[in-house]
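Let me begin by presenting the structure, written as structure tokens, before commenting on it.
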Amino acid sequence: GSSQTGGSGSSGGSDSGNGSDDGGSIGEVTVPENEHEYELVSEDGGTFAFKCANCEETTSFTVTLSSGTDGAYSPNGDELTFSGITEDSEYSLAGEFYGNIIIDAGDDFEFGLELNGFTITSYKQCPITATSGDKLTVSAKKGSENFVYDYRDEVTSDDEISSTIYSACDLNVQGKGALTVISAHN
């Protein structure tokens with residue numbers, strides 16, 4: 001089965017299991033007037049720097065292998081794809097990325113995405129999508145604040161993914177850090 005999360009709210013310490021309120025809320029979301037169009041300007045190891053074609057603002061993020069298949073990621077414009085996974089793997093992300101993440105871990109391997117002070121903002125696609133894998137775990141590293149912004153127009157077609165984080169496999173969201181998920185329309 002597939003798993004989805006969306007809406008507006010937050011999750012922190014979700015592995016406590018005590019049934020307490022996670023502080024989530026639902027409210028109006030204001031979409032920024034100026035959509036950034038970042039282009040990759042440099043790559044140094046796992047650090048990617050981008051510059052907005054509209055406002056010249058710069059941003060960067062870093063991908064770090066925690067365990068498993070090394071070098072199983074590739075940026076292409078505003079898309080970061082994890083693929084070619086040959087064993088259970090985990091990657092850590094830090095920084096800021098305007099675009100979307102695709103995870104294609106195959107059918108036999110678990111994939112972990114550790115957010116360590118990471119912000120992803122998407123105007124065009126579901127921000128985080130796992131198209132395959134045995135299980136996807138998204139974790140917020142202890143002491144970190146992480147944000148997933150989904151500023152797409154409202155999804156009205158059954159053929160499109162309407163959630164902010166989508167997984168075609170089992171999805172586990174955990175960690176002692178903070179994870180805030182904001183969706184403007186879906």
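The analysis underlying the following values was restricted to heavy atoms, covering all of them including side chains, and did not include hydrogens, waters or symmetry mates.
The distance from the CD1 atom of Ile182 to the OG1 atom of Thr121 is 10.5 Å, given to the nearest 0.5 Å. Between atom OG of residue Ser183 and atom OH of residue Tyr151 there is a gap of 10.0 Å, rounded to the nearest 0.5 Å. A distance of 4.5 Å separates CZ in Phe118 from CG in Leu93, rounded to the nearest 0.5 Å. To the nearest 0.5 Å, atoms CG (Leu80) and OH (Tyr73) are separated by 8.5 Å. Note that CD1 of Ile128 and CD1 of Ile120 are 5.0 Å apart. Values are rounded to the nearest 0.5 Å. Ser60 contributes atom OG, which lies 12.5 Å from atom CD of Glu43 (distance to the nearest 0.5 angstrom).
Residues Leu179 and Val173 form a side-chain contact, since some pair of their non-hydrogen atoms from C-beta on lies under 4.5 Å apart. At least one side-chain heavy atom of Ile161 sits under 4.5 Å from a side-chain heavy atom of Thr129. Within the 4.5 Å cutoff, side-chain heavy atoms of Glu56 are placed close to those of Lys51. Annotation: side chain of Tyr149 is not in contact with side chain of Thr180 (no heavy-atom distance under 4.5 Å). Asp170 places none of its side-chain heavy atoms less than 4.5 Å from the side chain of Leu136.
The side chain to side chain donor-acceptor pair (under 3.5 Å) check on Glu39 picks up nothing, with sequence neighbours excluded. Residues passing the ring-ring contact (aromatic ring centres under 6.0 Å, His included) test with Phe50, sequence neighbours excluded: Phe61, Phe97. Not counting sequence neighbours, the partners of Asn172 by the side chain to side chain donor-acceptor pair (under 3.5 Å) test are Gln174. Listed by chain and residue number, nothing satisfies the ring-ring contact (aromatic ring centres under 6.0 Å, His included) test with Phe109 (two or more places apart in sequence, or in another chain).
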>> Walk me through whether Leu113 and Phe82 qualify under side chain to side chain contact (heavy atoms under 4.5 Å, CB included).
In response: CA-CA 10 Å; Leu113 203 56; Phe82 290 92; 4.1 Å; yes

>> Using side chain to side chain contact (heavy atoms under 4.5 Å, CB included), reason through Glu160 and Cys126 one step at a time and then give a plain yes or no.
In response: CA-CA 9 Å; Glu160 295 181 69; Cys126 173; over 6 Å; no

> Given the rule in the side chain to side chain contact (heavy atoms under 4.5 Å, CB included) test, do Thr137 and Glu110 qualify, once you have shown the distances and angles that lead to the verdict?
Replying inline: CA-CA 8 Å; Thr137 299; Glu110 294 183 11; 5.6 Å; no

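Annotation for Val148 and Pro127: closest pair CG1-CB, 3.7 Å, computed over non-hydrogen atoms. Taking each heavy atom of Ala178 and Ala140 in turn, the nearest pair found is O-CB, 3.9 Å.
Within the structure, side chain to side chain donor-acceptor pair (under 3.5 Å) contacts touching residues 84-94 (residues at least two apart or in different chains) are Thr69-Thr86, Thr69-Ser89, Ser92-Glu114.
By the neighbour-count criterion of 12 heavy atoms within 6.0 Å, atom CD of Glu145 is sparsely surrounded, having that number or fewer from other residues, nucleotides or ligands.
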Please tabulate, for side-chain N and O atoms in residues 98-108, each donor-acceptor pair with protein atoms closer than 3.5 Å (sequence neighbours left out).
| unit_1 | atom_1 | unit_2 | atom_2 | d |
| --- | --- | --- | --- | --- |
| Tyr98 | OH | Glu96 | OE2 | 3.3 |
| Asp104 | OD1 | Ser132 | OG | 2.5 |

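The closest donor-acceptor contact from the side chain of Ser167 to the backbone of Cys169 lies under 3.5 Å. Side chain of Asn116 to backbone of Lys141: no donor-acceptor contact under 3.5 angstrom is found.
Side-chain heavy atoms closer than 4.5 Å link hydrophobic residues (I, L, V, M, F, W, Y) into clusters, and following such links, possibly through other members, connects Leu40 to Tyr123.
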